[in-house]
Amino acid sequence: MTWEKELSELKSRRKLVEKMGGEDNIKKHNERGKLTARERISRFVDKNSFEEIMPLVGESIYENDTQTSFTPKSSIDGFALVNDRRVALSAGDFTVKGGMGKGASSASAGLGQEKSITQEALINLIPYIRLLDSAGGSVRNFEKIGRTYLPDGNSFVNPEVELLQEVPVASAVLGSVAGLPAVQAPLSHFSVMVKGISQIFPGGPPVVKAALGYEIDKEALGGSAIHTKISGCIDNLAENEDDAFEQVNKWLSYLPSSKYEIADRADPIDSPGRKEDELLSIIPRDRRKTYDMKKIIALICDTGSFFEISPFYGKSRITGFARFNGFSAGIVANNPRFLGGSTDVTGGSKVNRFLQVCDIFNIPVVMLADEPGFLVGLESEKQGIERAGARLMSTICLSKMPIFTVVISKVYGVAGQCSHRPTGMFKRICWPSSNWGSMHISGGVTAAYKSEIEKASDPEAKKIEIETRLKNITSPFRTAETTGQNIIDPRETRSHICSFLEQSQRVLKRQVGTSRFLFLP
């Protein structure tokens, strides 16, 4: 006697699962220019590496013990290899009930239930990737279960919050995402949405109409222009779904699989001693002129290795990952082309969050400092610049990851001191173009010499005289005479960083798993 009958039923049930929401729903989904969940998984992971968990879960209708219809669950979960690295993966299937989010249906609830994919990721200490495409819960579900329910979904979310403290988590928003899945998008260390097809909001246009009385379309309510530029809820923007997969893939390549490891070193592609003559002239002598900080990053890191995080949000600061002689490093820099590089509330928030990710996952940080100070003015005060500054200072002081600072140009005030750490593995070098102090001389002279200037027969001439006198003592070499601060040829920057990062690997191994941060999105 064999089990052919049962094996035949298993084969039949697997085929029903693979049909997802059915031909009509799949056709509608594709007509919107979107891939199905299974197509996404196939294009994102290494070939034939996906191992689905709970593949037979769904809702069946039986007549005389014969299955007459079957609706699979609205997410496809499992393990896969991404660039030969094992990850946990969840993909919302919009063709099934609009991809109704986890916790919205009782289809998979019950005694003896298998562990969820988030629990599996936590137990196995592997990265967790979400491919989000879900409308969230629906009032239709109330009629189906014959009652309403108290909002106690945190029983589902709790493992996801725990994951943020242990392993890298990324979210790719691949459609209109509402309700809990909309919150899951920024419940990650990295997020990306696709231009034109991705939106997030707690409630969509019909909900807004009912609650607030005005009409608005999905893109205007929660599209990329809102969330990658204004709210900062989403880090990056992709041109299409394949670009989104590539960005998640690249982001993951800079990180270890958990906080208990250090990132793998890539095969070096450049000499650590490579010198770029362009660095000699990239900083203009005229302080009123600007320059391209991203060009400096490109010149000193391994060729083509810089991957920027949140390029459209908090634009006065630059954050991202790069490699130096194959070693992974976080990049934090001022961007003089926006707000003169001043740290505003959004830029400070972006840096603060990025530094915590680097600290939790043992990634050394390279800071490129040209800091004129925290952004001043009424609007900055309204946004709470002091609190943002206090948080940034606290993060620097609490951090443990190795930090290497290159002072490119000016470094002033309290914001300037956020590029320095008095504890742990820290090193700082300066370019000859550097200057620093508690504040700008021009603004400081007006405040400190107010009485002397007002009493002068020619106040403006007196002010210029004092400014000139003070500027003569701002040479970085005068500081070096007393403090021992190292000033280098800018062309030597890369070799100094490469040496530091190689030395840091021993320190990182000792510090794995000891970050003081509880990551909060």
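Relative ring orientation between F321 and Y254 is described as parallel, the plane-to-plane angle staying below 30° on a 0-90° scale split at 30° and 60°.
Between L252 and V87 the shortest side-chain heavy-atom distance falls below 4.5 Å. T405 is not listed as a side-chain neighbour of L368, based on a closest heavy-atom distance of 4.5 Å or more. With a 4.5 Å cut-off on side-chain heavy atoms, W431 and I487 do not count as touching. Within the 4.5 Å cutoff, no side-chain heavy atoms of L81 are placed close to those of V45.
Checked by atom type and distance alone, the side chain of H189 never pairs as donor or acceptor with a backbone atom of V357 at under 3.5 Å. Between the side chain of T228 and the backbone N or O of A225, no donor-acceptor pair lies under 3.5 Å.
Annotation: cation-pi geometry not satisfied between R428 and F404 (NZ/CZ under 6.0 angstrom from ring centroid, within 45° of ring axis).
Between D270 and N325, the side chains place no donor N or O within less than 3.5 Å of an acceptor N or O (distance only, hydrogens not considered). In the model, Y260 has no side-chain atom that pairs as donor or acceptor with a side-chain atom of N362 under 3.5 Å. Counting only N and O atoms by type, the side chains of S409 and R287 include a donor and acceptor under 3.5 Å apart.
Ion pairing of E460 with K463 is absent here, as no side-chain N (NZ or NE/NH1/NH2) approaches a carboxylate O to less than 4.0 Å.
The residue from K350, K229, R353 that alone fulfils the salt bridge (Lys or Arg N to Asp or Glu O under 4.0 Å) condition with D235 is R353.
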